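Data first, discussion second: the structure below is written as structure tokens.
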Amino acid sequence: MADMTGSGADFRTRLQTWLPKLVLAPSLAIMLIFVYGFIAFTIYLSFTDSRMLPSFNWVGWQNYERLFRIREWNIAMRNLAIFATLYIGISTVIGLALAIFLDQKIRAEGALRTIYLYPMALSFIVTGTAWKWFLDPAIGLQNTMQMWGWESFTFTWIKDREMAIYTVVIAAVWQSSGFVMAMFLAGLRGIDNEILRAAQIDGASNWNLYRRIILPQLRPAFLSAFVILSHLAIKSYDLVIALTGGGPGNATALPATFMYSYTFTRNQMGIGASSAVIMLLTIAAIMVPYLYAELREKK
Amino acid sequence: MAVPSPDSPVRTARITRVFIYLFLLLFALFYLLPFGIMLINSVKPLSEITGGNMIALPREWTIQPWLSAWSTAQIGVQPTGLRPYFINSMMMAFPAVILSTMVGALNGYVLTKWRFRGDTIIFGLLLFSCFIPFQIVLIPMARILGILQMAGTTQGLIMVHFVYGIGFTTLYFRNYYAAFPTELVRAAQIDGAGFFQIFWRILLPSSGPIIAVSFIWQFTNIWNDFLFGASFASGGAAPMTVALNNLVNSSTGVREYNVHFAGAIMAAGPTLLVYIVAGRYFVRGLMSGSVKG
């Protein structure tokens, strides 16, 4: 019994050195199973002939070959390209313009900022519901314009196969451009005023001030905005479901809606899994280099 | 005619300032309009919506659409209104938010104050999990929930949101604790304080702001989630977003737009309230979620 106290104290110090790792261990285990294990499982399924239930019958690249021959998938990829380009581009331009203008000692800046950013707090389902109705020709914008006497006004994009994807862009920009504004505003506030004063004394015009000094300093904000918006674009699901339901027909299908419908309603789990893998690869191509660079800088 | 403004180095002419204010107000209108119109039309009788102007104020004010959306509207097959689903979302969000914040706080503490070989790799793995498209985990998660008998339950959704929330909460606390002086931790260690004592007595008391950020941001994300709710809990355990989508997109009967709007505002209510009350922390959460320090 005498040496119990000795080994007790020893046990205590050893516990103290192991405790941090013990505390982190459950999170790591959860992550390895629910994220990386699940990713591995889905990748495996994408090489099998799974239909309604997972099957372990290996079929090689067959699902991927079929996937890229499915018309709806090609429409979804084309839509994603259109949507992501316009969504990122327009949100960045609007966000940057709002941030620069708000930075000019504006009265009621706080109130304006609150108004610009509030859509970010809403669910995409709410945003979709609001815009679906606003863009509905029979009762929304078109109807109102015509009632005000502009009889020839038409705006039927949401019912139009060719144009419907652009209504998704409008609603998505509405939701996230305020967020981009907030990122750029934080960037602008971080710029050293002394450099700007010095440049002004040298006779630089406002235009040159922004083009040569301020915009180059906002590079990190541009990069963050691009990364965040592109990952949101690739994951977009709720908004399309609420706004157009993927329609008219499948004119506004995106990879996320395709994956869901093939996996859960059409019982083509192998194809669904392969489309999810393509989505993951697209996001990883953007996120992995970005996160790698961020973590290295930190060291 | 330059306006003298000693604090801001960039000077602008008065005519430019008029243009800037116009631009800013126009965009304020753009952001307010869809939601504002929804609000106005949620207190109109249906006939004024289908046969009238969407911007006009109601000729006859009514709260009937709100009552109907809350307690009698048809959601799926049941005329229950949105009330049970609102409660579902609350029951789902609070435990998931609290659990993920607690775990994130401990992880952030370990990753900054008890560093060990390979900790950056572990953090990198956690960080990447924040950005995966959740489609990649839907199929195995549906299987696991089935095996655990948690498919279609609120408990199942709590687990899912907890698991995929850890990455973000760890990120918040790690960035916050990285700026916390490590000397204080070392000094307490020399005084004989243990791992949990240091966390409890030294770090936690000064963690107020980041706990607020984590709570608000997790709550907003979990409350607004649709994909997990639609995949794992359609039916009686569905969260508010799924129920709202069912209400709005049900194809049977007359489309009661005013009821849909009232329902949408109810679904937006809690997160909007959080944003208005604690917008400062909301913006901070956005920032630390995007610009990783």
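Note on naming: letters A, B, ... go to the chains in the order of the sequence lines (proteins, then strands), and numbering restarts at 1 for each one. Predicted, not measured: the structure shown is a model, and the values here were computed from it.
- For L141(A), the parts lying under 4.5 angstrom from a heavy atom of chain B are both the backbone and the side chain.
- With a threshold of 4.5 angstrom between heavy atoms, R113(A) approaches chain B through N, CA, C or O but not through any side-chain atom.
- Residues V137(B) and F34(A) form no side-chain contact, since every pair of their non-hydrogen atoms from C-beta on lies 4.5 Å or further apart.
- Only the side chain of I94(A) comes within contact range of chain B, judged by heavy atoms closer than 4.5 Å.
- Each of Y109(B), F196(B), F19(B), Y164(B) has some count of heavy-atom pairs under 4.5 Å with chain A, and the biggest count is that of Y164(B).
- Residues T144(A) and M54(B) share a closest heavy-atom pair of OG1-CG, 3.0 Å.
- Heavy atoms of I234(A) lying under 4.5 Å from chain B are absent altogether.
- If you measure heavy-atom distances from P255(A) to chain B, you find no contacts under 4.5 Å at all.
- Only the side chain of F162(B) comes within contact range of chain A, judged by heavy atoms closer than 4.5 Å.
- Contacts between M159(B) and chain A at a heavy-atom distance below 4.5 Å involve the side chain alone, from C-beta outward.
- Between W133(A) and V248(B), every side-chain heavy-atom pair lies at or beyond the 4.5 Å cut-off.
- Residue contact with chain B, scored on non-hydrogen atoms closer than 4.5 Å, involves the backbone and the side chain of Y118(A) alike.
- Y275(B) and T114(A) share no donor-acceptor pair across their side chains, judged by distance under 3.5 Å alone.
- Neither the backbone nor the side chain of I100(A) comes within contact range of chain B; no heavy atoms are under 4.5 Å apart.
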